[in-house]
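Some notes on the structure that comes next.
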Amino acid sequence: MIVRARNGDIAAFEDIYRATSAFVYNVALRVTNNSNDADEVTQDVFVKVHRSLGSFAFRSSFKTWIYRIAANTAINHAKASARHRNRKVEYDPEIHDIEAPDLTRGPLEREDAEKAIRSLLGELGPDQRACIVLREIEGLDYRTIAKMLSIKINTVRSRLKRAREHLAALGRKG
Amino acid sequence: MDCRRIRELVLTDLADGELNENMRREVAEHIGSCASCEEFRRTVSEKALGVFRMAHRQEPPAYLWSRIREKVVSGASRRQGALDRFIEAIGSIFSALGRLPKPALVFAATGVVIIALVMARPLIRDHAANIYLAEQAEFMARLDTAESNGNNFFDIEVRTGTENFL
């Protein structure tokens, strides 16, 4: 399938897209925390993948290769957007006033949970957000996250630690 | 293990299942006997971990594939078009050269070499001139110094013609 896609077979490339787009899109969505940005990042990722098919040397898993492109493209996009929008200045009460949900009160509605997740992820910088998303939502282990983001395992650990400390502190205030 | 280390593990390896069996047991024993660490563990679990367990995967919108397909196909056509034009241009140069009779081809090649040499001459000449000028500048700088009066750079005696009157 990869070789056919590399040779210009668009149907083969569509098969690659179908097999990997859910992961790519969800990482893009959670890391950028914005559905328009997630659309743009997903498109960028697959255009990059298509252009780089010729250079894929079959030394690592193809999925890992795509997921690495996805994570890094999403992080770079989130950083650029944060610099551009200066998000500390823009205050959206609808997002920022939602506190972490009280799970002791019973199951949350799906929509409430989504709002809460977006709110909490919005409190984190792109690097910490990426680690939380890959660990908490995508269920990847430290070693895989470290490989994808080209960082050390201890860096994964420290980003998760700082992110969770921050979220726990927010929860205690609210 | 002290409480500080336990809390670090609560925030990282314990939460993520990265501890081996012995470590996990040790941490659990400490938390079981330390009210403060148990409180910390509960807060982290509720406020920083629990909500993400409710996250669900979203399907990418249907329109995304058509947009990607369009970009990929038009990008491939553009790159192929540029490559084809370049190859065509090289091909037409060679075919034009190939149509020339041999003597004309030799003459044309010789002409190109001569033109290249002529164009390079000013560069070679300028380089020699620059060296000469630099030497002269250095010599001039040493005039009227001890170096130019009988002990100068170019080993030339400077006679002013007034020696006989001193």
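Only heavy atoms go into these numbers, but all of them, side chains included; no hydrogens, no water, no symmetry mates.
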Inset, instruction - Give, as side chain, backbone, both or neither, the part of A:R30 having an atom under 4.5 angstrom from any heavy atom of chain B. - result: side chain

Measure the [atom1]-[atom2] distance between [X] and [Y] for me, rounded to the nearest 0.5 Å.
X	Y	atom1	atom2	value
B:Y63	A:Q43	OH	CD	8.5 Å
A:R157	B:L11	CZ	CG	12.5 Å
A:E14	B:R69	CD	CZ	7.5 Å
B:F52	A:L167	CZ	CG	5.5 Å
A:R159	B:T12	CZ	OG1	15.0 Å
A:R135	B:L49	CZ	CG	9.5 Å

Inset, instruction - Salt-bridge test for B:D13 and A:K161: reply yes if a basic N is under 4.0 Å from a carboxylate O, no otherwise. - result: no

Just wondering, do [Y] and [X] contact through their side chains at under 4.5 Å, heavy atoms?
X	Y	result
A:H50	B:K71	no
A:Y25	B:P61	yes
A:Y142	B:D16	yes
B:K47	A:L170	no
A:L120	B:V51	yes

Inset, instruction - Assess whether atom CD of B:E38 is packed by more than 12 heavy atoms of other residues, nucleotides or ligands within 6.0 Å. - result: yes

Inset, instruction - Output all residues satisfying side chain to side chain contact (heavy atoms under 4.5 Å, CB included) with A:T73, sequence neighbours left out; order by chain, then residue number. - result: A:V41, A:D44, A:V45, A:K48, A:I69

Inset, instruction - Check for a donor-acceptor pair, side chain of A:E136 on one end and backbone N or O of B:R53 on the other, with a separation under 3.5 Å. - result: no

Inset, instruction - Ignoring hydrogens and angles, tell me if any N or O in the side chain of A:Y17 forms a donor-acceptor pair with the backbone of B:I68 under 3.5 Å. - result: no

Inset, instruction - Under 4.5 Å heavy-atom distance to chain A, tell me which part of B:Q58 shows up: side chain, backbone, both or neither. - result: both

Inset, instruction - Please collect all side-chain hydrogen bond (donor to acceptor under 3.5 Å, both in side chains) contacts where either partner lies in residues 25-36 of chain B, sequence neighbours excluded, each pair once. - result: B:R7-B:S36

Inset, instruction - Would you name the heavy atoms of A:R164 and B:A15 that are closest together and state the gap between them? - result: NH1-CB, 3.9 Å

Legend entry - Non-hydrogen atoms of A:A22 and B:R57 that approach each other most closely: CB-NH1, 4.1 Å

Inset, instruction - Mind ranking A:L29, A:D141, A:D39, A:V156 by heavy-atom pairs under 4.5 Å with chain B and telling me who comes out on top? - result: A:D39

Legend entry - Best-contacting candidate, A:V133, A:I117, A:L121, against chain B by heavy atom pairs under 4.5 angstrom: A:I117

